[in-house]
Amino acid sequence: MPELPDVEGFRRIMADHAVGTRIADVVTLDTGVLHGVSVRRLRATLRGERFEPPRRVGKWLIAPVTGGAVVVLHFGMTGSLDWGDGPDGRQRHDRVVFVVGDGELRYRDQRKLQGLWLLRAGAQLERLLDGTGPDALEVPRSRFTELLAARRQVKPLLADQSVVAGLGNLLVDEILWRGKVNPRAPAASVDADALHRQMRRVLRSAVRAGRVPPRPSWLTGRRDEPSGSCARCGTTLSHGRVGGRAPCGARTASPVDDPRESGKPVP
DNA sequence: CGGCGTGTTCAGAA
DNA sequence: CTTCTGAACACGCC
């Protein structure tokens with residue numbers, strides 16, 4: 001689920017509930033999500049400190065605490081951050097719980113593809129983020145245009161976090177479909193200005209909704225159905241995989257020889 | 001059992 | 001050298 005807008009939603013949850021009040025405890029329910037930190041050290045470092053306002057870069061959630069440490073969360077494909085008023089309501093895949101203020105913040109992740117880092121603010125944090133491109137909501141149009149001047153296929157390029165950070169499979173499909181751009185087209189061949197505009201539109205509406213398919217009208221929703229159809233022309237959508245990723249909702253595999261596959265213009 | 005996936009990463013092929 | 005593909009990671013759901 002988590003792409004830029006989802007992580008932005010998690011950031012807000014944290015900002016609204018957990019900033020400024022003392023961290024009473026840190027409960028690690030599954031050590032499998034900890035990267036380079038022990039249960040003991042995580043707890044000892046955070047207990048008694050307070051979260052400072054969290055920020056986000058691409059799909060990374062960065063939560064500094066008083067005392068100079070930084071909690072970094074990545075949500076992989078199945079992660080989320082949830083607020084609860086007490087220990088009641090914890091779920092099976094809650095991996096780390098921060099007891100703070102009048103409730104608790106729960107880092108949940110079914111598949112544990114990513115996890116949690118505890119770093120020192122500064123060089124250590126920068127090293128982790130090194131190689132992460134500019135955030136998709138921050139990148140200026142001029143810079144975006146430069147990044148698109150590449151021979152690579154446009155879909156894998158946009159989904160590459162080292163190029164632009166925050167876009168995933170769903171968002172890229174939606175952006176390209178709205179822009180009537182073939183996902184396999186060479187990046188340099190597409191109208192960068194128009195694509196930048198589409199990207200911002202798509203991101204804005206998803207961020208406002210706080211989640212990634214904000215409405216069922218998105219391309220994603222239509223592909224769920226056995227014979228999803230194009231919202232523009234009604235043509236039945238076909239799909240193939242680009243850069244090793246199938247469009248979301250794809251149930252049947254059919255080769256893409258028809259230009260009208262997910263994301264391609266339909267006159 | 002087999003296939004799939006809104007995440008990243010890596011080896012090896014084109 | 002660059003670009004792309006497929007597998008791997010871990011887990012639940014068809």
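It should be emphasised that the depicted structure is a prediction, and the values quoted were computed from it without experimental measurement. Here is how names work: the chains are called A, B, and so on, in the same order as the sequence lines, proteins then strands, and each is numbered from 1. Below, all heavy atoms of this structure are taken into account, side chains as well, without hydrogens, waters or symmetry copies.
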I'd like a table of atom pairs between the protein and nucleotides 12-14 of chain C - only N or O on both sides, under 3.5 Å - with the distance next to each one.
{"from": "C:dG12", "atom 1": "OP1", "to": "A:His93", "atom 2": "NE2", "distance (Å)": "3.2"}
{"from": "C:dG12", "atom 1": "O4'", "to": "A:Gln110", "atom 2": "OE1", "distance (Å)": "3.2"}

Review point. Reckon A:Lys59 has a side-chain N or O less than 4.0 Å from the OP1 or OP2 of B:dT8?
Key: yes

Pairs under 3.5 angstrom only: tabulate donor-acceptor contacts from the side chains of residues 115-134 of chain A to other protein residues two or more places apart or in another chain.
{"from": "A:Gln124", "atom 1": "OE1", "to": "A:Arg120", "atom 2": "N", "distance (Å)": "2.6"}
{"from": "A:Thr132", "atom 1": "OG1", "to": "A:Leu129", "atom 2": "O", "distance (Å)": "3.1"}

Which donor-acceptor pairs under 3.5 Å do the side chains of residues 192-205 of chain A make with protein atoms, sequence neighbours left out?
{"from": "A:His196", "atom 1": "NE2", "to": "A:Val139", "atom 2": "O", "distance (Å)": "3.0"}
{"from": "A:Arg200", "atom 1": "NH1", "to": "A:Leu137", "atom 2": "O", "distance (Å)": "3.0"}
{"from": "A:Ser205", "atom 1": "OG", "to": "A:Val202", "atom 2": "O", "distance (Å)": "3.1"}

Review point. Among all residues two or more places apart in sequence or in another chain, which pass the salt bridge (charged side-chain N to carboxylate O under 4.0 Å, His left out) test with A:Arg43?
Key: A:Asp25

Polar-atom pairs under 3.5 Å, protein N or O versus N or O of nucleotides 11-14 of chain B: list them with distances, or write none.
none

Review point. Who are the salt bridge (charged side-chain N to carboxylate O under 4.0 Å, His left out) partners of A:Arg50, not counting sequence neighbours?
Key: none

Review point. Which whole-number value in Å describes the distance from A:Leu113 CG to B:dT8 P?
Key: 10 Å

Study note, to complete from the structure: note: A:His74, atom NE2; B:dT6, atom P; distance rounded to Å ~ 15 Å

**Study point:** Phosphate OP1/OP2 of C:dT3: any A:Gln153 side-chain N/O under 4.0 Å
**Key:** no

Check your understanding: Which whole-number value in Å describes the distance from A:Arg184 CZ to C:dC4 C1'?
Key -> 11 Å

Review point. Roughly, in whole Å, what's the span from CG in A:Asp109 to C1' in B:dG7?
Key: 9 Å

Exercise for review: Applying salt bridge (charged side-chain N to carboxylate O under 4.0 Å, His left out), name anything that partners A:Arg152, two or more places apart in sequence or on another chain.
Suggested key: A:Asp160

Review point. Using atom C1' of each nucleotide, how far apart are B:dG3 and C:dG6 to the nearest Å?
Key: 15 Å

Exercise for review: Could you check if a side-chain atom of A:Thr78 sits within less than 4.5 angstrom of a side-chain atom of A:Lys112, using non-hydrogen atoms only?
Suggested key: no

Point to revise | For atom NZ of A:Lys155 and atom P of C:dT5, their distance in whole Å | key: 11 Å

Check your understanding: Roughly, in whole Å, what's the span from CG in A:Leu61 to P in B:dG7?
Key -> 17 Å

Point to revise | A:Leu176 and its side-chain contact (heavy atoms from CB on, under 4.5 Å) partner, picked from A:Asn182, A:Val190, A:Leu158 | key: A:Leu158

Check your understanding: Do the non-hydrogen side-chain atoms of A:Val71 and A:Pro54 ever get within less than 4.5 Å of each other?
Key -> no

Donor-acceptor list for residues 90-98 of chain A side chains, cut-off 3.5 Å, not counting sequence neighbours:
{"from": "A:Arg90", "atom 1": "NE", "to": "A:Glu104", "atom 2": "OE2", "distance (Å)": "2.8"}
{"from": "A:Arg90", "atom 1": "NH2", "to": "A:Glu104", "atom 2": "OE1", "distance (Å)": "3.0"}
{"from": "A:Asp94", "atom 1": "OD1", "to": "A:Arg108", "atom 2": "NE", "distance (Å)": "2.5"}
{"from": "A:Asp94", "atom 1": "OD1", "to": "A:Arg108", "atom 2": "NH2", "distance (Å)": "3.1"}
{"from": "A:Asp94", "atom 1": "OD2", "to": "A:Gln91", "atom 2": "N", "distance (Å)": "2.7"}
{"from": "A:Arg95", "atom 1": "NE", "to": "A:His93", "atom 2": "O", "distance (Å)": "3.4"}
{"from": "A:Arg95", "atom 1": "NE", "to": "A:Asp109", "atom 2": "O", "distance (Å)": "2.7"}
{"from": "A:Arg95", "atom 1": "NH1", "to": "A:Asp30", "atom 2": "OD2", "distance (Å)": "3.0"}
{"from": "A:Arg95", "atom 1": "NH2", "to": "A:Asp109", "atom 2": "O", "distance (Å)": "2.9"}
{"from": "A:Arg95", "atom 1": "NH2", "to": "A:Gln110", "atom 2": "O", "distance (Å)": "2.9"}

Point to revise | A:Glu49: partners by salt bridge (charged side-chain N to carboxylate O under 4.0 Å, His left out), with sequence neighbours left out | key: none

Exercise for review: Could you check how far CH2 of A:Trp117 sits from P of B:dT8, rounded to whole Å?
Suggested key: 11 Å

**Study point:** Strand DNA chain C as a dot-bracket string - pairs counted if Watson-Crick or G-U with both distances under 3.5 Å, | where the partner lies in another strand
**Key:** .||||||||.||||

Point to revise | P spacing across the pair C:dA7 / B:dG2, given as an integer number of angstrom | key: 15 Å

Check your understanding: Could you state the CG-C1' distance from A:Leu170 to B:dG7, rounded to the nearest angstrom?
Key -> 12 Å

Exercise for review: Output yes when at least one side-chain N/O atom of A:Arg152 is less than 4.0 Å from OP1 or OP2 of C:dC4, else no.
Suggested key: yes

Residues 14-22 of chain A side chain polar contacts: donor-acceptor under 3.5 Å, at least two apart:
{"from": "A:His17", "atom 1": "ND1", "to": "A:Trp83", "atom 2": "NE1", "distance (Å)": "3.4"}
{"from": "A:Arg22", "atom 1": "NH1", "to": "A:Gly48", "atom 2": "O", "distance (Å)": "2.6"}

Side chains of residues 143-151 of chain A: which donor-acceptor partners sit under 3.5 Å, not counting sequence neighbours?
{"from": "A:Arg143", "atom 1": "NH1", "to": "A:Glu146", "atom 2": "OE1", "distance (Å)": "2.8"}
{"from": "A:Thr145", "atom 1": "OG1", "to": "A:Arg141", "atom 2": "O", "distance (Å)": "2.9"}

